[in-house]
Amino acid sequence: MPSTNETVEALFAEWAELLQLAGADAFRVRAYEKAARSIGGFSKDLRDLDDKGLRAIPSVGASMAARIREYLETGTLHELEDLREQVPAGLREMMRIPSLGPKKAILLHETLGISTVDELAGAARDGKLRGIKGLGQKTEENLLRGIQNLREHGGRILIDAAMDAAVGVIEALRGLAEVDQITYAGSLRRMRDTIGDIDILVASANAAPIMDSFAGLSSVKEVLAHGETKTSVLTDTGLQIDLRTVPADAWGAALIYFTGSKSHNIKIREIAVRRGWKLSEWGLFKADTGKKIAAETEEEVYEALGLPWIPPTMREDTGEIEAAFAGTLPTVVERRDIRGDLHSHTNLTDGLAPLEEMLAAAAAAGYSYYVVTDHAEGLPMTGMDRGKALAQRKRIATLQKKYPKMTILHGSELNIAKDGSVDYDPAFLAGFDLLVASVHSMFRLPRDEQTARIIRAMENPFINVIGHPTGRLIGRREPIDVDFESICNAAVRTGTALEVNSFPDRMDLRDEHVRWAIERGVTIAIDTDSHAPKHLEHLRFGVATAQRGWARKTDVLNARTLKQLRTFVEKKRPG
DNA sequence: GCCGTTTTCGGCCCGACTGTTTTCAGTCG
C-alpha cells in the first residue's frame, strides 16, 4: 500500500538518480535525495498539506513544494518526464552494479552507447571496455563479477539471515588475542527489515592479523578489498561483509559512524561543523587545532554535540535529531517491556511443534501471559474445527498447572473473508480469551473494498488484534492496497490493536506504518506469529520495528499487565 | 535546490580504498 508520501519519495529519489546521470550539480542531486527521504519519513499525508505545510517539511523549499503540488494535482511531474526521455532507464539499473556510479555509467554510455546492464555485460565480455580512459582490465573483471552477483542474489536479504551471518563472523573472530571489542553495525544494528550488506566493527591496536583471519574465513568466496583498517569480502552466499578496525579509544565515534544511517551521520556532522568541530569515525575534533573532544563511547560523542544517546533503531534522520535537541525524543519500547505474545501457533494447525513445547519456550522467555492462536475453521487447509478448538482449550486448562507464573490464554487467528466477516459465530467467539484476525487471501482487491473489509473485521466486537495488517511477504508479495489513515482511525474508534508481526519475512506493520499508527493513537501489538519454539526469538525484530516507528511502551498492548490486557478485550465486547 | 545563534548568497560531511593515475577521480558507506 504505497502511500502518497512513499510514491513521491520514490519519484524524487528517481529524479535524483536521473539528475546524476544527466551530469547535474552534485549539491542539487543531494537536495533531491534529501527531499525524497524527508518526504518519505514525514508523518502527515502530503494530500492534507497546504503550500505552507509542504514547505514546513525539512529540505522542501519553494521549488520542491511546487513540484509536489503539481504531482498531487496532475498525477505527474513534467520535468521528471522530460528527464526520463533524456536519460535511458537502463543507466539507472546499471548503477545497481557495485563500483559503477553515475560517472562510469555516463562514460560507458557516451563512448560505447551502452544503456542497459545486458549491453554492458556483452561489451565487457567482448573486451570492448579496454582502451577507454580510466577503465582497465581490473574494472572489466569487477563489473562482470558485479553483474553476476546482482543477477544471482539481487540485493537485500532478510534480517534473520543477516543476523546469523554477522554472528557467525563475530564468533569466529572474537577469540583472537588482538580483538578488544567486536560487534555488528550498519543497517543490521539499526534493524532495518532487509539488509544489503553487513558491517562488522572491531576495536584493536593491531589490525593486520584480524584482517587476515577475516579474509581467510571458510565462508569467504572472494576478497573485494583488503586495506589496513578495512576489508570487504563476498561470502559463498553472495553476501558482502565489511570489516573495519579502529583503536579502542575511537570506539564510540566509529560505532556511530558505521551504524549510520548515512543521513543521520551527515546531519550530526553538520552540527559539528557549525560549532567549528569535525566529526569522523576517528572522533570529534576541533577543526582548527585537531584537539580531540570525544570519541571513546557513543554517549560521550552525542553528549558533546548537545544530544542524548539516540537508539540505533531511530537513527534514520526522520526527525530524531531535532526531537533530541527539543527534549522530546520518546523513550521507545524495549524487549524487556514485553509481557507476553498474543499470536502463536501449534501443530494443531500449521505450527511445527506441539502445545507443550510452545508453552515451555514461552515460559523460558519469561512471559507472564501467552496466547495460543491456532487458525480457525475458515482455513480448510488447516483441518481445524470447533471440536478441536474446544479440546485444545481443555488441554490448556490442564497444562496451566505447570506454569504458575504464566497465564495461558486461549485465542485463535481468524480468517478475514472477502466481505470482512470471520470464522465462527458470536457465541463461539465469546469463548476465547483474545482473538486475532488476519487476511490470508484476496490480496489484490481494490483499495476501497480492501479497506472496508479490514474495517468491518475491526468492528467485530470480539476481534482484538489485526494480524500482519498489510499481508506483505518481503520480496515475494506486495502489501495489500488500503487507505491506512482510515484503518488507523477505525482501529482507534473500535479499540482494536494493529499487529507488528515479528516474522522476518513479514515485519508487518513495517516501521513507517508503526510511526503513522501511533501518532494517530493506535495501540499496537508486537507478536511473533511463532510456528515453532525458536520463532519466539524473532520478537526482537518486532520490537526493533516498533522502535523504528518510535513506539513507546504505553503504545504496546502486550507491554501491559494481564489485567490491563483483559480490560482491553472486555471493553470491546458486548454487555 | 535548500538554508541561516556567522549568512537571503555561498556554502553544502568525511575518510578509506581501488584502479589506473604519476597526484587523483570515482565509489562507497
Side-chain angles (χ1 to χ4, degrees), chain A residues 12 15-16 19-20 24-39 54-68 79 94-108 129-143 146 185-190 195-201 207 211 223-233 240-246 250 253-254 256-285 287 305-306 315 317 325:
Chain A
F12 277 49
W15 204 329
L19 281 171
Q20 277 190 304
D25 171 61
F27 294 112
R28 195 162 157 242
V29 172
R30 202 181 138 203
Y32 281 79
E33 287 172 347
K34 281 177 81 168
R37 275 197 306 269
S38 187
I39 292 162
L54 289 176
R55 295 202 50 181
I57 302 172
S59 304
V60 173
S63 165
M64 297 286 190
R67 286 167 177 148
I68 295 171
E79 287 168 294
M94 279 164 59
M95 287 208 296
R96 308 272 172 274
I97 302 166
S99 80
L100 199 163
K103 294 284 167 36
K104 276 194 204 126
I106 292 170
L107 180 67
L108 290 164
L129 270 44
R130 314 273 177 90
I132 297 178
K133 61 176 190 304
L135 302 183
Q137 188 184 342
K138 208 61 184 201
T139 304
E140 175 187 297
E141 288 170 12
N142 286 342
L143 289 177
S187 55
L188 183 57
R189 185 163 180 245
R190 300 200 313 278
I195 308 294
D197 55 31
I198 291 174
D199 298 291
I200 308 281
L201 182 65
M211 294 294 174
V223 178
L224 300 172
H226 193 68
E228 284 176 30
T229 65
K230 177 182 170 183
T231 295
S232 294
V233 305
Q240 183 174 329
I241 307 182
D242 298 334
L243 182 82
R244 286 287 302 252
T245 58
V246 292
I256 290 174
Y257 171 67
F258 291 110
T259 297
S261 66
K262 187 176 175 177
S263 46
H264 177 92
N265 285 349
I266 289 174
K267 189 156 277 181
I268 60 176
R269 282 174 175 192
E270 286 169 350
I271 293 164
V273 168
R274 281 202 292 277
R275 298 185 181 193
W277 300 338
K278 185 182 67 164
L279 177 63
S280 74
E281 60 265 51
W282 303 105
L284 180 63
F285 304 93
L305 292 169
R315 299 181 196 170
D317 187 26
F325 271 126

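Chain letters run A, B, ... following the sequence lines, proteins first, then strands; residues in each count from 1. As a basis for the values below, the full set of heavy atoms in this structure was taken, side chains included, without hydrogen atoms, waters or symmetry mates. Computed from a predicted structure; not experimentally measured.
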For A:Val29 versus A:Ala16, what's the shortest heavy-atom pair and its separation?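 Reported closest heavy-atom pair: CG1-O, 3.7 Å.
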Could I get a table of every N or O pair under 3.5 Å where one atom is in the protein and the other is in nucleotides 23-25 of chain B?
none

Taking only the side-chain nitrogens and oxygens of [X], find out if one of them lies under 4.0 Å from OP1 or OP2 of [N].
X	N	value
A:Ser261	B:dG29	no
A:Arg67	B:dG1	yes
A:Trp282	B:dA16	yes
A:Ser99	B:dG26	no

Excluding sequence neighbours, so at least two apart, what forms side chain to side chain contact (heavy atoms under 4.5 Å, CB included) with [X]?
X	answer
A:Lys230	A:Ser232, A:Arg244
A:Arg55	A:Ala62, A:Ala65
A:Arg275	A:Ile271, A:Trp277, A:Phe325
A:Lys104	A:Leu100, A:Leu135, A:Thr139

Hunt down the Watson-Crick or G-U wobble partner of B:dG15, both distances under 3.5 Å, from any strand shown, or write none.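 Partner of B:dG15: B:dC28.
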Which residues share a ring-ring contact (aromatic ring centres under 6.0 Å, His included) with A:Tyr257, sequence neighbours left out: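 Testing A:Tyr257 for ring-ring contact (aromatic ring centres under 6.0 Å, His included), a comparison that skips the adjacent residues, returns none.
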Could you list the residues that satisfy side chain to side chain donor-acceptor pair (under 3.5 Å) with [X], not counting sequence neighbours?
X	answer
A:Ser59	none
A:Thr259	A:Arg189
A:Ser187	none
A:Arg67	A:Tyr32, A:Ser63, A:Glu79

DNA chain B: A:Ala31 or A:His226, which has the more 5' nearest nucleotide?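 Between the two, 5'-proximity favours A:Ala31.
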Closest-nucleotide mapping onto DNA chain B: is A:Ser63 or A:Lys104 further toward the 5' terminus? I mean the 5' end.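 Nearest-nucleotide comparison on DNA chain B picks A:Ser63.
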Name the nucleic acid region contacted by A:Ile97, choosing base, sugar-phosphate or nothing; use a 4.0 angstrom heavy-atom cut-off, strictly under.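 Sugar-phosphate, no base atom in range.
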Identify whether any heavy atom of A:Glu33 sits under 4.0 Å from a base atom; if not, whether one sits that close to sugar-phosphate; answer base, sugar-phosphate or nothing.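 The answer is nothing, as A:Glu33 stays clear of every strand by at least 4.0 Å.
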Provide the distance between the two [atom1] atoms, one in [N] and one in [M], to the nearest whole Å.
N	M	atom1	answer
B:dC13	B:dC28	C1'	14 Å
B:dC9	B:dG15	C1'	29 Å
B:dG1	B:dT8	C1'	14 Å

Mind listing the N/O atom pairs, protein and nucleotides 3-5 of chain B, below 3.5 Å?
{"from": "B:dC3", "atom 1": "OP1", "to": "A:Ser59", "atom 2": "N", "distance (Å)": "2.7"}

Close N/O contacts between protein and nucleotides 9-14 of chain B (under 3.5 Å):
{"from": "B:dC12", "atom 1": "O3'", "to": "A:Arg30", "atom 2": "NH1", "distance (Å)": "3.4"}
{"from": "B:dC13", "atom 1": "OP1", "to": "A:Arg30", "atom 2": "NH1", "distance (Å)": "2.7"}
{"from": "B:dC13", "atom 1": "OP2", "to": "A:Arg30", "atom 2": "NH1", "distance (Å)": "2.5"}
{"from": "B:dC13", "atom 1": "OP2", "to": "A:Arg30", "atom 2": "NH2", "distance (Å)": "2.7"}
{"from": "B:dC13", "atom 1": "OP2", "to": "A:Glu270", "atom 2": "OE2", "distance (Å)": "2.6"}
{"from": "B:dC13", "atom 1": "O2", "to": "A:Arg269", "atom 2": "NH1", "distance (Å)": "2.3"}
{"from": "B:dC14", "atom 1": "O4'", "to": "A:Arg269", "atom 2": "NH1", "distance (Å)": "2.8"}
{"from": "B:dC14", "atom 1": "O2", "to": "A:Arg269", "atom 2": "NH1", "distance (Å)": "3.3"}

